[in-house]
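Have a look at the structure below before the remarks.
We count residues from 1, following the sequence as given.
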Amino acid sequence: MLAEFKVKPSFGGHEKFAFRQSWLKKGIDAISESATLFTGDEALVTLGVGKNMVRSIRHWCLATNVLAEVGDRGRARALTVTPLGQHLFGAEGWDPYLEDVGTLWLLHWQLANNLQRSLIWQLVFSRYFDAEFTKKQLSAFIGKQLNRLNIVTTTGMIEREVDCLLRTYVPATRSQSSAIMEESMNCPLVELDLIRFTPADNIYTFNSGPKATLPVEIFGFCLLHFLAPIAQTRRTVHVDECLYHPDSPGQLFRLDENSVVEYLESLEEQTDGAVSLQESAGLPQLYLHDYASDQLEEAAFHLLTMYYQHAR
């Protein structure tokens, strides 16, 4: 349960910047050469950006789980490239220049599941159910959720987190000032079209329904990670859990029921029946036939490998 998480969340590490096309690759390359690069002034030269952006690149690499901290606590901790980061952005990476939309969906999933670095992303995509909203309404919701979790922060910090989240998914408008445009240069995740903005009404809307660019293998990877804790105690899962449950692919990707069912049907073929969709008492159920709970992570990675092999 979210209320039971033990890691203290951090806010503001993005320095109000949404991440940019080359940033994750830059972070991977830099840490591959020096595990402590982000602790010194040489990072400015190596990464070719200012101090605030150096901090932001570090944050986004950690938030998307392509880098991880090692050693003692604190901002000066050494970093290491994660297996996911190596496979995506390493020397022989699957998608080093972030050209595949499947990678964007995967990064979105990582952000929405990182309770330490991007808790606001998790709360918004997993636990906010209104179809449309204003910044004020979203900030008020976040404030209530943080209070429920006994997490103390400021109204200003919440507003900055909400602003950065929206800039991650909504393209900058021409009416914005040059300073704001610099802060909010379009993030690659804008391409996912998950949140839309109507300037005339100052209203944001979740784009719920089918996602034509979401590959079945990426959906499957995320689904198997979602199912791993469930599979420790049972082998059947109701489709509604994959659709509406907090942290589920249906919720985080804002899918409708038909879309989830179609993905589950395709996933049965992709896994040679190890995951299958069947009806029980007239209700659709997902069955985990061959996977033990401790095998789901390996099976998920296999789906990723299949996807990127076919994409090349």
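A donor-acceptor contact shorter than 3.5 Å links the side chain of Thr154 to the backbone of Met157. The backbone N or O of Leu277 lies less than 3.5 Å from no partner atom in the side chain of Gln285, so there is not a single donor-acceptor pair. Under a 3.5 Å cut-off, the side chain of Asp100 and the backbone N or O of Asp95 do not form any donor-acceptor pair. No donor-acceptor pair under 3.5 Å is formed between the side chain of Ser118 and the backbone N or O of Trp121. Put simply, the side chain of Ser266 gets close to the backbone of Glu262: a donor and an acceptor are under 3.5 Å apart. Distance alone, capped at 3.5 Å, is enough to place a donor-acceptor pair between the Lys211 side chain and the Arg254 backbone. Using a distance-only test at 3.5 Å, with no hydrogens or angles considered, no donor-acceptor pair links the side chain of Thr198 to the main chain of Asn202. In this structure a side-chain-to-backbone donor-acceptor pair under 3.5 Å is present from His310 to Met306. With Ser34 contributing its side chain and Ala30 its backbone, the two residues share no donor-acceptor pair below 3.5 Å. Using modelled atom types, one side-chain atom of Glu161 and one backbone atom of Gly12 make a donor-acceptor pair closer than 3.5 Å.
Closest heavy-atom contact between Thr36 and Glu42: O-OE2, 4.5 Å. Cys187 approaches Thr168 most closely through the heavy-atom pair CB-O, 3.4 Å. Closest non-hydrogen pair, Asp256 versus Gly209, comes out as OD2-CA, 3.8 Å. Between Val66 and Ile28, the shortest heavy-atom contact is O-CD1, 3.3 Å.
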Trp23/Met53 under side chain to side chain contact (heavy atoms under 4.5 Å, CB included): CA gap, chis, key distance, verdict | CA-CA 9 Å; Trp23 280 12; Met53 283 192 180; 3.7 Å; yes
Take Glu132 and Gln137, measure what side chain to side chain contact (heavy atoms under 4.5 Å, CB included) needs, and give me the verdict at the end.
-> CA-CA 10 Å; Glu132 61 180 35; Gln137 290 169 334; over 6 Å; no
Test Leu119 against Asn114 for side chain to side chain contact (heavy atoms under 4.5 Å, CB included), laying out the working first.
-> CA-CA 6 Å; Leu119 175 60; Asn114 192 326; over 6 Å; no
Take Arg58 and Glu69, measure what salt bridge (Lys or Arg N to Asp or Glu O under 4.0 Å) needs, and give me the verdict at the end.
-> CA-CA 10 Å; Arg58 180 183 186 274; Glu69 291 180 315; 2.7 Å; yes
Start with the C-alpha distance between Asp163 and Lys16, add both sets of side-chain angles, then the distance that settles salt bridge (Lys or Arg N to Asp or Glu O under 4.0 Å), and finish with yes or no.
-> CA-CA 8 Å; Asp163 281 341; Lys16 300 192 293 184; over 6 Å; no
What's the verdict on side chain to side chain contact (heavy atoms under 4.5 Å, CB included) for Thr213 and Asp193, showing C-alpha distance, side-chain angles and the deciding distance?
-> CA-CA 10 Å; Thr213 62; Asp193 192 28; over 6 Å; no
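Residues Ser56 and Trp60 have side chains that bring a donor and an acceptor to within less than 3.5 angstrom of each other. Between the side chains of Asn65 and Thr82, not a single donor N or O lies within less than 3.5 Å of an accepting N or O. There is no side-chain donor-acceptor pair under 3.5 Å between Glu191 and Asn186. For the residue pair Asp29 / Ser32, no side-chain donor-acceptor distance below 3.5 Å is found, with atom types taken as modelled.
For Phe206 and Phe133, the ring centers sit closer than 6.0 Å to each other. Ring centroids of Phe226 and His245 are separated by less than 6.0 Å, placing the two rings close together. If you look at Trp109 and Phe253, their ring centroids are closer than 6.0 Å. Aromatic pair His87/Phe301: centroids less than 6.0 angstrom apart.
Using a 4.5 Å heavy-atom threshold, the side chains of Asn52 and Phe17 count as touching. In this structure the side chain of Phe38 reaches within 4.5 angstrom of the side chain of Ile31, judged on heavy atoms. Annotation: side chain of Val239 is in contact with side chain of Val261 (closest heavy-atom distance under 4.5 Å). Residues Ile195 and Thr205 have side chains not in contact (no heavy-atom distance under 4.5 Å, counting atoms from C-beta outward). Between Arg127 and Gln251, the closest side-chain pair of non-hydrogen atoms is not below 4.5 Å. Taking the side chain as every heavy atom from C-beta outward, Glu297 and His225 approach each other to under 4.5 Å. Contact check for Leu223 versus Leu227: side-chain heavy atoms found under the 4.5 Å cut-off. Between Phe89 and Leu98, some side-chain heavy-atom pair lies under the 4.5 Å cut-off.
No chain of hydrophobic side-chain contacts below 4.5 Å, direct or via other Ile, Leu, Val, Met, Phe, Trp or Tyr residues, connects Tyr287 to Val216. Clustering ILVMFWY residues whenever any of their side-chain heavy atoms sit less than 4.5 angstrom apart, transitively, puts Tyr128 in the very cluster that holds Tyr169. Ile230 and Val260 fall within the same hydrophobic cluster, where Ile, Leu, Val, Met, Phe, Trp and Tyr residues are linked whenever their side-chain heavy atoms come under 4.5 Å apart, directly or through other members. Cluster annotation: Tyr97 is not connected to Val49 through the hydrophobic network of ILVMFWY side chains, with a link wherever side-chain heavy atoms come within less than 4.5 Å. Phe141 and Ile203 fall into different hydrophobic clusters, defined by Ile, Leu, Val, Met, Phe, Trp and Tyr side-chain heavy atoms under 4.5 Å apart, directly or through other members.
Using cut-offs of 30° and 60° on the angle between ring planes, the pair His108 and Phe125 is perpendicular. Note: Trp94 and Tyr308 have parallel aromatic rings, judged against thresholds of 30 and 60 degrees for the angle between ring planes.
Residue-environment remark: CZ (Phe197) exceeds the threshold of 12 foreign heavy atoms within 6.0 Å. Within 6.0 Å of the CD atom in Glu257, the count of heavy atoms belonging to other residues, nucleotides or ligands does not exceed 12. Counting heavy-atom neighbours within 6.0 Å of Glu269 CD, excluding the residue itself, gives a total of 12 or less.
Using a 4.0 Å cut-off between charged side-chain N and carboxylate O, Arg234 and Glu241 make a salt bridge.
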